[in-house]
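Report on one structure; see the data block that follows.
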Amino acid sequence: LTFLGVPHAIQYLLQQIPNGDSLRQELRDVRLVRNKRQKVRIYRDKLLDSACKVMELYGKSRASLEVEYHGEVGTGLGPTLEFYTLLSSELQRRTLNIWLTADKKSEPAIPNNEVDME
């Protein structure tokens, strides 16, 4: 239904409403604004540096980021979600010295996503 886009989907749904003429009349002037997307290319072996550069360039933009990896085929939701997952893991590294820790191990600050609640 949405493969033709949101405006077509809304129009189709409005046509399915019995006696929906008044609703269609009210919504005829409503215009949908398409969310802008910005495609970025990330180097997998320089993930943190690439992420910093992307945030410098597009951090203030309202556009959604769409990630692709340099030298790899594929873009869209899959690579974008993978980017954020890998970046969050990278940011947990103790060697970055951005987290307060009791020891100097080079492990993630929160290993295996476990949090000590005591």
Side-chain angles (χ1 to χ4, degrees):
L1 183 59
T2 60
F3 66 92
L4 293 175
V6 175
H8 291 298
I10 290 175
Q11 183 175 352
Y12 172 80
L13 291 172
L14 286 173
Q15 290 173 351
Q16 304 307 309
I17 299 172
N19 300 320
D21 291 335
S22 62
L23 182 59
R24 283 192 289 275
Q25 185 86 14
E26 291 176 28
L27 293 176
R28 73 175 175 206
D29 292 330
V30 174
R31 294 190 179 144
L32 295 173
V33 177
R34 187 172 284 234
N35 189 16
K36 293 181 181 181
R37 288 184 277 167
Q38 179 63 49
K39 190 181 284 189
V40 296
R41 184 170 291 153
I42 301 294
Y43 288 91
R44 197 178 280 275
D45 59 340
K46 299 177 183 176
L47 188 80
L48 194 54
D49 291 336
S50 294
C52 287
K53 187 66 174 175
V54 165
M55 294 305 150
E56 284 175 19
L57 294 172
Y58 305 108
K60 293 182 182 179
S61 171
R62 295 189 64 148
S64 297
L65 292 179
E66 187 173 308
V67 173
E68 66 178 326
Y69 291 98
H70 184 73
E72 296 182 23
V73 177
T75 184
L77 185 61
T80 301
L81 292 176
E82 180 187 17
F83 165 72
Y84 287 114
T85 299
L86 293 173
L87 181 60
S88 67
S89 294
E90 187 74 14
L91 289 172
Q92 292 180 43
R93 287 189 308 130
R94 291 180 190 237
T95 57
L96 294 176
N97 293 320
I98 59 174
W99 305 106
L100 293 176
T101 60
D103 52 37
K104 298 287 184 187
K105 294 180 184 176
S106 60
E107 301 171 5
I110 305 173
N112 301 325
N113 295 328
E114 296 176 10
V115 178
D116 188 7
M117 300 303 280
E118 294 181 64

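Hydrogens, waters and symmetry mates play no part in the numbers below; they use all other heavy atoms, side chains included.
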When every non-hydrogen atom of Leu87 is compared with those of Ala51, the smallest separation belongs to CD1-CB, 3.7 Å

Heavy-atom closest pair (Tyr58 atom, Val40 atom, distance to 0.1 Å) is CE1-CG1, 3.6 Å

Donor-acceptor contact below 3.5 Å, side chain Tyr69 vs main chain Phe83: yes

Separation between CD1 (Ile42) and NE2 (His70), nearest 0.5 Å, reads 11.5 Å

Closest non-hydrogen contact found for Leu91 with Trp99 is O-NE1, 2.6 Å

Taken to the nearest 0.5 Å, the spacing of Arg41 CZ from Thr75 OG1 works out to 9.5 Å

Apart from Leu81 itself, its cluster of hydrophobic side chains linked below 4.5 Å comprises Leu77

*Are Leu47 and Met55 joined in one hydrophobic group, where the rule is that I, L, V, M, F, W and Y side chains link up if heavy atoms are under 4.5 Å apart?*
yes

So CZ of Arg94 and CG of Leu100: to nearest 0.5 Å the spacing works out to 11.0 Å

The reported gap from CD in Gln92 to CD1 in Ile98 (rounded to nearest 0.5 angstrom) is 9.5 Å

Residue set satisfying side-chain hydrogen bond (donor to acceptor under 3.5 Å, both in side chains) with Glu90, at least two apart, ordered chain then number -> Arg93

Output for pair (Asn97 CG, Thr95 OG1), nearest 0.5 Å, gives 7.0 Å

* **side-chain contact (heavy atoms from CB on, under 4.5 Å) assessment of Arg44 paired with Leu86** => CA-CA 9 Å; Arg44 197 178 280 275; Leu86 293 173; 3.7 Å; yes

Heavy-atom closest pair (Glu68 atom, Gly74 atom, distance to 0.1 Å) is CB-O, 3.5 Å

Rounded to the nearest 0.5 angstrom, the CD-NZ distance for Glu66 and Lys39 is 5.5 Å

Q. Hey, mind stepping through Leu96 and Leu48 against side-chain contact (heavy atoms from CB on, under 4.5 Å) and telling me if it holds?
A. CA-CA 11 Å; Leu96 294 176; Leu48 194 54; 3.7 Å; yes

Using a 3.5 Å distance criterion without hydrogens, assess whether the side chain of Ser64 forms a donor-acceptor pair with backbone atoms of Arg37.
no

